[in-house]
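In this text, all values refer to a predicted model and were calculated from it rather than measured experimentally. Here is the naming used below: chain letters follow the sequence lines, and residue numbers restart at 1 for every chain.
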Number of protein chains: 2
Amino acid sequence: MEIRLAKSYGFCFGVKRAIEIAEDSKNATTMGPLIHNNEEINRLKENFNVKTANGMNEIGDAKRIIIRTHGITKEDLERLKKSNKEIIDATCPFVTKPQEIVKKMSEEGYKIVIFGDEKHPEVRGVKSYAKNGAIVILSTKELEGEKLGAKVAIVSQTTRKVEEFKKVVSYLVERVPEVRVFNTICNATFENQDAARELSQEADVMIVIGGRNSSNTKQLLTISQENCKDSYLIEREDELNRSWFEGKKVCGVTAGASTPDWIIDRVISKIREITL
Amino acid sequence: MEIRLAKSYGFCFGVKRAIEIAEDSKNATTMGPLIHNNEEINRLKENFNVKTANGMNEIGDAKRIIIRTHGITKEDLERLKKSNKEIIDATCPFVTKPQEIVKKMSEEGYKIVIFGDEKHPEVRGVKSYAKNGAIVILSTKELEGEKLGAKVAIVSQTTRKVEEFKKVVSYLVERVPEVRVFNTICNATFENQDAARELSQEADVMIVIGGRNSSNTKQLLTISQENCKDSYLIEREDELNRSWFEGKKVCGVTAGASTPDWIIDRVISKIREITL
């Protein structure tokens with residue numbers, strides 16, 4: 001069986017940057033998991049003693065706090081600043097951007113719509129910058145019945161699919177006199193998605209490596225499934241199942257933006273081993 | 001044969017307003033045809049001595065100038081102001097709006113895209129307010145190869161179809177970080193279009209009454225043709241052809257926003273007469 005790697009996969013700029021920051025900040029504590037990849041977080045803990053607090057209440061007497069790539073809420077940031085701890089900001093600049101946009105647009109009186117998953121930490125952070133709240137949606141259905149007013153500003157979670165974002169924009173354009181559209185979907189997301197789309201058309205089995213809590217990884221799985229029904233999301237190589245590869249000719253491999261190369265290497269080795 | 005009138009048709013707010021202004025301005029001269037309906041323009045000439053100048057060079061020594069519903073260019077307006085003539089503004093407020101938007105957005109550094117027909121007087125007027133020019137397009141094809149930059153503001157000619165406008169917006173959203181969308185398509189346009197769509201699904205022959213130079217009338221024809229292949233655009237009742245109605249059961253009638261009721265009445269009478 002042939003194994004083909006997607007043309008673009010894995011670590012994005014923001015994740016690489018965050019990991020470098022963490023490696024340079026020994027003994028620090030991250031506010032929320034630094035990235036959505038447990039394996040990499042364990043490595044940072046073992047090699048650099050970078051610990052993870054899963055919320056303000058777990059921070060305790062930690063002195064150096066790293067803000068996760070997905071960012072945190074405005075309120076948490078203010079509390080951290082008041083507590084006189086050293087703050088090291090590893091928020092991805094592509095996430096800081098929608099935070100700033102939402103702050104400015106809500107101050108200018110725009111109704112804020114965020115296209116994204118309201119439970120995702122990135123979205124919770126971005127939403128917290130809206131002066132008078134924001135409507136968080138994943139489909140136009142959720143906009144039905146909402147009072148949208150005369151001017152709406154819309155941003156997207158950085159890891160969504162642009163096709164879905166455009167559908168929401170179209171819905172708004174038909175109903176709202178002014179719609180200010182900020183396409184905050186990040187390029188790395190686009191590139192990994194495009195590559196997954198292409199590869200999944202050639203493959204008869206697709207392995208998507210990444211965290212189950214990673215939004216961009218889940219999008220890669222959805223895209224792969226559209227073209228290749230035998231697509232699987234795994235976090236570690238020991239989740240691979242020999243039966244997935246029986247009778248297959250081409251195995252495509254891709255990985256989410258928070259999946260380190262060393263995990264991808266292990267997965268590929270393991271696929272080779274069990275299909276020998 | 002049954003004759004059915006569309007639920008919404010004919011005169012819009014801006015046209016009604018312009019005609020009232022013209023009737024109150026005896027002996028004035030309109031800058032460009034007041035509305036896109038020759039019959040109504042002839043009536044205003046005969047009953048109120050309101051003449052039509054087809055450009056600055058035809059104005060001569062006219063003292064009172066009425067600005068047409070579609071508006072005029074910024075340059076022509078400035079020239080008129082300098083000439084000390086009395087200016088009576090019959091520009092439709094829904095056209096003044098995109099003029100103001102284009103002025104403001106171009107001053108704020110947005111690249112301007114106008115969705116409309118570059119030869120139409122409304123669009124020529126709106127475009128003239130763009131500080132550094134504007135891209136005028138009717139399809140995304142015309143945007144290919146354009147340098148769009150980081151922020152684009154888009155307005156629409158008031159009489160276009162929203163489906164086409166949304167396609168252009170989608171194209172921009174995928175390529176430009178900030179797209180500021182002003183849906184300047186007017187409600188009367190929507191309503192007449194929706195009613196034409198509905199009626200043309202029931203009718204086996206459709207008569208669309210309006211000027212051949214009228215953008216919104218042409219849209220009504222296109223929409224009618226989508227559902228009823230026997231759709232005809234006429235300006236006057238004497239263009240009706242008996243053969244159009246042979247073997248038909250339901251004749252739908254609609255009219256553009258600049259078509260006066262008296263013409264519609266004449267057309268309906270004539271249809272009754274020739275199908276008796």
In terms of heavy-atom proximity below 4.5 Å to chain B, should A:V162 be classed as side chain, backbone, both, or neither? side chain
Under 4.5 Å, heavy atom to heavy atom, which residues of residues 135-159 of chain B contact chain A? none
Heavy-atom pairs under 4.5 Å with chain A, option from B:V181, B:T184, B:I185 with the top count: B:V181
Go through the atoms of A:V179 and report whether side chain, backbone, both or neither lie under 4.5 Å from a heavy atom of chain B. both
Which one, B:R180, B:K166, B:R175, leads in non-hydrogen pairs under 4.5 Å with chain A? B:R180
Assess whether a salt bridge exists between A:E20 and A:R17, defined as any Lys/Arg side-chain N lying under 4.0 Å from an Asp/Glu carboxylate O. no
Of all heavy-atom pairs linking A:A195 and A:A6, the shortest is CB-CB, 4.0 Å
Can you give me the closest heavy-atom contact between B:A130 and B:I112, atom names plus distance? CB-CG1, 4.2 Å
Nearest heavy-atom contact between A:N192 and A:L220 is O-CD2, 3.5 Å
A:N187 versus A:F94: any side-chain heavy-atom pair under 4.5 Å? no
Please report the shortest heavy-atom distance between B:T254 and B:S8, naming the atom on each side. OG1-O, 4.1 Å
Could B:E122 and B:R68 be called an ion pair, given the rule that one side-chain N must be under 4.0 Å from one carboxylate O? no
Could you tell me how the ring of A:H36 sits relative to the ring of A:H120: parallel (under 30°), tilted (30 to 60°) or perpendicular (over 60°)? perpendicular
